[in-house]
Every structure is written in structure tokens, then in C-alpha cells.
Chemist: 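Quick one: the structure is below, questions incoming.
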Amino acid sequence: MPVSAKPAKTQTAGPARGSLLGVEKLPARDITALLELARRMDPLKTRPALRGKRVLLLFYEPSTRTRTSFEIAAQALGAATSLVLSSGSSVEKGESLLDTAYTLRAVGVDAIVVRHPNSGAPHLMANYLDIPVINAGDGMHEHPTQALLDAYTILRHKKKLSGLQVTIVGDVYHSRVARSAIHLFSKLGARVTLCGPPELLPEIAATLVEGLRITRSSEEAVRGADVIMVLRLQRERLAGLKISLPDYISRYQITLARLRLAAPEALLMHPGPINRGLELTWEAADCEQSVIVEEVSNGVPVRMAVLARALGKGP
Ligand code: CP
């Protein structure tokens, strides 16, 4: 028998329906529909909506919140879950991203949730797979489900995002959380202000969306804000940047005194993990206005909605 070549891996017509790769290209009506679906999800009540479905969690980077909440969300909908970490898998033997994706497809998974250190990795997978791919954070690019759960958290307290003043403080440059949040909050009508030193917030960030405001003064950024989102200072990525931690703390750390400049009943948010005593004081992290723990809890209904949509049971 002659040996014939099999066709090489071929690109699909585009990401499978239900994929969630980012917020930038997600229409506002889809965001609203997902948030509405999340509102109807009850993580404490197991539903059979995704019974028989298999959700694969593929993590090339550490995670506590995103990974566990996706797992709990999938199981609350009746789906089976499997976890593949790059460490301990055949990725360590050099298997490529696409070969890994094809292998997981071949064992019969119905959707892949992926976190990867390289921007665009979920998009590449989605362009070669016929099943939904969900971005759980790609490099310095996007973290769409974090932005959705943050919007969901704000809406539980403020009822609408339109007209709210949202301030994002800290390491915007390295933050996929910030990029997704900027797009999502702006699409829903919030006025977004960014604050940080030039090394962590280059002027070009102002071009991300129309109407974005940049300031170098944390007092100015926080004054009158309805929501203050503090970003983790990504110390693992600071090598080569001229950042003095004592200077950063004195100019940008969110303290109770700085929080008092915000609007009454302003919300304090942080995607986690927190560097207590660095970007945020201990007292501020645990103050009454802090919704940091609630953000984590809200990750479950939001990710239930994302999975329901991915597997054909949502908008
Ligand atoms: N916010 C967030 O993505 O946290 P994890 O890295 O713990 O998932």
C-alpha cells in the first residue's frame, strides 16, 4: 500500500460559535446578554444543562480564581471537567500548542478553556478547532471573563455602568485584566480613567478606546470615582523597568486616606492576587467598600453563563 500524506492541519472558517476570545470585538448586546444570563445562574443549584458535555481546562500559567471557578461553574451545569497543566503534561516534552489542542479534541472534549503566557494563543487554537475556545487570560492581551465578572459585581451594587466614573490604578501596561476592563466598561457607557507611572502606563494607552483619560496623580484619579480598580504590581515582569517600590507606594498605593477622596459608597476592586502593603494597604483591602472577595464569588455565575453560551445553551 502506498503511503499517502494526510492533509495538514487546516484553519477553520473562524472560531466556533460560543468561543469567547476577548471583549474588544464583543458587541455590547452580547455582553449585556451574558451578564443577564449570569444573573439567572445559581451556583448552589446543580442544573443538568450541560450534562454529557466535557470541558477541558488547559492552563499554561498559574491560577487560583479563574481555574477553580471555571471548574465549579462547569460542574454546577452538569458538565464533566478535566484539567491539563502545562507542567507535568506533554507540553514539557515539547508538544506544540496546536498539537496539544488537536490531542485534546481527539479525546473528545466539547470546549477548551485556556490560559497562556502568549498573547493570541487562544485565538490560534480557535482558528484550528471546531469546538468553542474560551480565553482564561492570554499574555498581556485580554482576560474577558474577569472583565465580565467585574461588570457583574459593579452592576449588583450600582445597577448600571453608564455614566459611572471608573478609575483603574497601577500596572496597566502588563495587565490583561485592565485591557478587557477598559473595553467592556467603555462599551457599557462608563467613563474610564487610568492612573500609573509612565513605565507602567504609557501615553499610547489613551488610544485604546475613545474618551479614555490618563493621569499620573492617584489623588486626581480617585477624586469623585464611583469605582476604583487596583491592579496587581506584576513584580515578575518589572526587571529592566525603572520602578522604585518605595516611590510607587508613596505615589500610587491605595490607602484609606486616598479612598476617602472617592464618591460616597465607591467600590474598591482588585482582580487578585493582591500584594498587600504594595499596591493596596491591608486596611484598604479589607475595608467596607472592598468588593474583592465578592468579585471572586461572582466569577462562578459569570463563568456558568460563558460555558452555557459556549455549549449552545445561552445567547
Ligand atoms: N484574577 C485572576 O485571574 O486570578 P487567578 O490568576 O488566580 O486566576
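Each ligand, and each atom within it, is numbered from 1 in the order the structure gives. Predicted model only: the values in this text are computed from it and were never measured.
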Chemist: I'd like to know if Glu219 and Arg258 make a salt bridge, using a cut-off of under 4.0 Å between side-chain N and carboxylate O.
Modeler: yes

Chemist: Please tabulate protein-ligand N/O pairs under 3.5 Å for ligand 1, atom names and distances to 0.1 Å.
Modeler:
from     : atom 1 : to     : atom 2 : distance (Å)
ligand 1 : 1 (N)  : Gln146 : OE1    : 3.1
ligand 1 : 1 (N)  : Pro271 : O      : 2.9
ligand 1 : 1 (N)  : Gly272 : O      : 3.4
ligand 1 : 3 (O)  : Thr66  : OG1    : 3.0
ligand 1 : 3 (O)  : Arg115 : NH2    : 2.9
ligand 1 : 3 (O)  : His143 : NE2    : 2.9
ligand 1 : 4 (O)  : Arg65  : NE     : 3.0
ligand 1 : 6 (O)  : Arg115 : NH1    : 2.9
ligand 1 : 7 (O)  : Thr64  : N      : 2.8
ligand 1 : 7 (O)  : Arg65  : N      : 2.9
ligand 1 : 7 (O)  : Arg65  : NE     : 3.1
ligand 1 : 7 (O)  : Arg65  : NH2    : 3.3
ligand 1 : 8 (O)  : Ser63  : OG     : 2.7
ligand 1 : 8 (O)  : Thr66  : N      : 2.9
ligand 1 : 8 (O)  : Thr66  : OG1    : 2.6
ligand 1 : 8 (O)  : Arg115 : NH2    : 3.4

Chemist: Can you name the residues that form a side chain to side chain donor-acceptor pair (under 3.5 Å) with Lys93, not counting sequence neighbours?
Modeler: Ser90

Chemist: Within a radius of less than 6.0 Å around CZ of Arg54, do more than 12 heavy atoms belonging to other residues, nucleotides or ligands occur?
Modeler: no

Chemist: Check Glu220 with Arg223, please: is the shortest side-chain N to carboxylate O separation under 4.0 Å?
Modeler: no

Chemist: Could you check whether Arg303 makes a cation-pi contact with Phe70, meaning its NZ or CZ is under 6.0 Å from the centre of the six-membered ring and within 45° of the ring axis?
Modeler: yes

Chemist: Is the closest basic N to carboxylate O distance between Lys187 and Asp30 below 4.0 Å?
Modeler: no

